[in-house]
Amino acid sequence: MVVKVYGPAYASPKRVIVCLIEKQIEFETVPVDLVKGENKNPEYLKLQPFGSLPVIEDGDFTLYESRAIIRYYAEKYKSQGTTDLLGRTVEERGLVEQWLEVEAHNFHPPIYQMTTQILFFAKRGLPADENLIKESEEKLGKVLDVYEERLSKSKYLAGDFFSLADLSHLPFTQYLVGPMEKEYMIRDRKHVSAWWDDISNRPSWKKVLELC
């Protein structure tokens with residue numbers, strides 16, 4: 001059964017797509033235009049009652065929230081494709097989960113605010129809040145300082161293996177170094193820079209950028 005992924009043009013669905021590629025799972029994409037409000041259409045709200053992206057349909061099974069989806073597929077197809085996405089031991093799994101939580105609660109909020117203000121407000125012709133951008137950049141910088149310390153001791157966030165903890169950072173960091181033109185936030189930190197070069201050059205992520 002081919003997995004359907006809704007909203008491939010946006011960052012959070014890309015988190016799911018790169019996981020599916022790493023796990024060698026067949027998928028197809030269904031476009032959803034947020035600018036046109038297609039995420040508020042009744043048919044879409046039947047799949048995702050909050051109107052957020054992404055949603056997947058896997059046969060009769062529907063799931064939303066990108067981090068829940070990547071955990072689901074990494075567990076369901078544990079021995080397929082990249083096998084260490086959740087770690088190899090209970091301790092490694094704990095570290096993967098820890099850094100996934102860090103990504104969700106420390107890294108994501110400021111970078112999401114920056115993305116919204118710099119990219120999406122401009123796309124809609126709305127003025128950006130420069131104070132909020134500055135505040136968010138400062139918060140993100142402090143998070144990246146913690147990452148720099150961690151990555152000075154470990155090749156990847158959870159250890160010596162590429163995991164969901166690293167994968168989950170790919171879509172929004174791509175915005176940061178690309179259209180937001182804030183690559184210096186990565187390059188000014190030696191170990192974060194090396195980590196980004198490593199994970200962003202994985203064939204799975206290159207494939208996502210080609211497809212979406």
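FYI, the numbering just counts along the sequence from 1. The structure displayed is predicted, hence computed values, not measured ones. For the numbers below, each heavy atom of this structure counts, side chains included, while hydrogens, waters and symmetry mates do not.
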A.B. asks: I'd like to check Leu86 versus Glu92 (side-chain heavy atoms, cut-off strictly below 4.5 Å). Are they in contact?
C.D. replies: no
A.B. asks: What is the minimum heavy-atom distance between Trp99 and Ala165, and which atoms define it?
C.D. replies: CB-CB, 3.6 Å
A.B. asks: Under the 3.5 angstrom rule, does the side chain of Lys14 hit a backbone N or O of Pro8 as a donor-acceptor pair?
C.D. replies: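 Looks like yes, one N/O pair under 3.5 Å.
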A.B. asks: Is it possible for you to say whether Leu209 and Leu119 belong to one hydrophobic cluster, with membership spreading through side-chain heavy-atom contacts below 4.5 Å?
C.D. replies: yes
A.B. asks: With the side chain counted from C-beta on, respond yes when Leu63 and Val55 share a heavy-atom pair under 4.5 Å apart, and no when they do not.
C.D. replies: no
A.B. asks: Applying a strict under-4.5 Å side-chain criterion to I, L, V, M, F, W and Y, I'd like to know whether Val90 and Leu95 cluster together.
C.D. replies: no
A.B. asks: Do Leu211 and Val30 belong together in a cluster built from hydrophobic side chains that touch within less than 4.5 Å?
C.D. replies: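 Same cluster.
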A.B. asks: Quiz question: by atom type and distance under 3.5 Å, do the side chains of Asn39 and Tyr6 form a donor-acceptor pair?
C.D. replies: no
A.B. asks: Between Cys212 and Ile17, is any pair of side-chain heavy atoms under 4.5 Å apart?
C.D. replies: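 Cys212 vs Ile17: side chains touch.
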A.B. asks: To the nearest 0.5 Å, tell me how far Leu151 CG sits from Leu144 CG.
C.D. replies: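 That separation rounds to 9.5 Å.
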A.B. asks: If hydrophobic clusters are built by linking Ile, Leu, Val, Met, Phe, Trp and Tyr wherever their side-chain heavy atoms come under 4.5 Å apart, do Ile118 and Leu34 end up in the same one?
C.D. replies: yes
A.B. asks: Rounded to the nearest 0.5 Å, what separation is found between the CZ atom of Arg15 and the OG atom of Ser168?
C.D. replies: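 Between Arg15 CZ and Ser168 OG, I get 3.5 Å after rounding to 0.5 Å.
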A.B. asks: One thing to verify: whether Asp197 and Arg202 come together as a salt bridge, which I'm taking to mean a side-chain N less than 4.0 angstrom from a carboxylate O.
C.D. replies: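 Judged by the 4.0 Å cut-off on N to carboxylate O distance, Arg202 and Asp197 do not form a salt bridge.
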A.B. asks: Which heavy atom of His108 sits nearest a heavy atom of Phe172, and at what distance?
C.D. replies: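 Shortest heavy-atom contact: CE1-CE1, 3.4 Å.
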A.B. asks: Does this structure show an ion pair linking Lys4 with Asp58, if we count only N-O contacts that are shorter than 4.0 Å?
C.D. replies: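 Salt bridge: no.
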A.B. asks: Flag yes if Phe27 and Tyr73 sit in one hydrophobic cluster, no otherwise; membership is Ile, Leu, Val, Met, Phe, Trp, Tyr, and two members link when side-chain heavy atoms are under 4.5 Å apart.
C.D. replies: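 In one cluster: yes.
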A.B. asks: Considering non-hydrogen atoms only, spot the tightest contact between Asn106 and Pro110 and give its length.
C.D. replies: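 Shortest heavy-atom contact: O-CD, 3.2 Å.
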A.B. asks: Side-chain donor-acceptor pair under 3.5 Å between Glu22 and Thr82, yes or no?
C.D. replies: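 Checked: Glu22/Thr82 side chains pair up, N/O donor to acceptor below 3.5 Å.
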A.B. asks: Does the structure place the NZ or CZ of Arg189 under 6.0 Å from the centre of the six-membered ring of Tyr147, at an angle of no more than 45° from the ring's axis?
C.D. replies: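 No, a cation-pi geometry is absent between Arg189 and Tyr147.
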A.B. asks: Salt bridge or not for Lys78 and Glu75, using N-O below 4.0 Å?
C.D. replies: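 Yes, this pair counts.
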A.B. asks: Quick one: does Cys19's side chain get under 4.5 Å of Lys23's, heavy atoms only?
C.D. replies: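 Yes, close enough: below the 4.5 Å cut-off.
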A.B. asks: Is there a salt bridge (charged side-chain N to carboxylate O under 4.0 Å, His left out) between Glu137 and Lys134? Walk through the geometry before answering.
C.D. replies: CA-CA 5 Å; Glu137 184 170 332; Lys134 181 181 178 183; over 6 Å; no
A.B. asks: Does Ile69 reach the side chain of Pro54, with side-chain heavy atoms less than 4.5 Å apart?
C.D. replies: yes
A.B. asks: Distance from Asp166 atom CG to Ser200 atom OG, nearest 0.5 Å?
C.D. replies: 11.5 Å
A.B. asks: Hey, what do you get for NZ (Lys142) to NZ (Lys139), rounding to the nearest 0.5 Å?
C.D. replies: 9.0 Å
A.B. asks: Taking the side chain as every heavy atom from C-beta outward, state whether His105 and Val102 have any atom pair closer than 4.5 Å.
C.D. replies: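 They are not in contact (no side-chain heavy atoms under 4.5 Å apart), so the answer is no.
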A.B. asks: Would Lys182 and Met114 satisfy side-chain contact (heavy atoms from CB on, under 4.5 Å), going step by step from the backbone distance to the final call?
C.D. replies: CA-CA 10 Å; Lys182 292 187 180 290; Met114 292 168 68; 3.4 Å; yes
A.B. asks: Do you know which two heavy atoms are closest between Pro171 and Trp205, and how far apart they sit?
C.D. replies: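 Looking at all heavy atoms of both residues, the closest pair is CA-CH2, 3.6 Å.
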A.B. asks: Are Tyr77 and Gln24 close enough that a side-chain donor and a side-chain acceptor fall under 3.5 Å?
C.D. replies: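 Per modelled atom types, Tyr77 and Gln24 side chains form no pair under 3.5 Å.
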A.B. asks: So, taking the atom named CG in Leu126 and the one named CD in Gln117, what distance separates them when rounded to the nearest 0.5 Å?
C.D. replies: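 These two atoms lie 9.5 Å from each other.
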A.B. asks: Drop me the distance from Leu47's CG to Thr62's OG1, to the nearest 0.5 angstrom.
C.D. replies: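 The CG atom of Leu47 sits 5.5 Å away from the OG1 atom of Thr62.
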A.B. asks: Tell me, yes or no, whether the heavy-atom count around Glu28 atom CD, taken from other residues, nucleotides or ligands under 6.0 Å, exceeds 12.
C.D. replies: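 Buried by this count: over 12 neighbours within 6.0 Å.
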A.B. asks: Under a 4.0 Å N-O cut-off, is there an ion pair linking Arg93 with Glu97?
C.D. replies: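 Looking at Arg93 and Glu97, the cut-off is met.
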A.B. asks: In the structure I gave you, are the side-chain heavy atoms of Lys155 and Asp198 within less than 4.5 Å of one another anywhere?
C.D. replies: yes
A.B. asks: What verdict does the side-chain contact (heavy atoms from CB on, under 4.5 Å) test give for Glu181 and Leu176, after you've listed the backbone C-alpha separation in whole Å, the side-chain angles of each residue and the deciding distance to 0.1 Å?
C.D. replies: CA-CA 6 Å; Glu181 299 182 344; Leu176 186 74; over 6 Å; no
A.B. asks: Which of parallel (below 30°), tilted (30 to 60°) and perpendicular (above 60°) describes Phe61 and Tyr72?
C.D. replies: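 If you compare the ring of Phe61 with that of Tyr72, the planes turn out tilted.
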A.B. asks: Which heavy atom of Trp196 sits nearest a heavy atom of Arg187, and at what distance?
C.D. replies: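 Between these two residues, the closest heavy atoms are CD1-NH2, 3.9 Å.
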A.B. asks: So which heavy atom on Ala74 is nearest to which on Leu164, and how close?
C.D. replies: CB-CD1, 3.9 Å
A.B. asks: Determine, stepwise, if the pair Phe120 / Thr115 fulfils side-chain contact (heavy atoms from CB on, under 4.5 Å).
C.D. replies: CA-CA 7 Å; Phe120 293 112; Thr115 302; 3.4 Å; yes
A.B. asks: Determine whether Ile199 and Phe162 make a side-chain contact, defined as any pair of heavy atoms from C-beta on separated by less than 4.5 Å.
C.D. replies: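 Yes, at least one pair of side-chain atoms sits under 4.5 Å.
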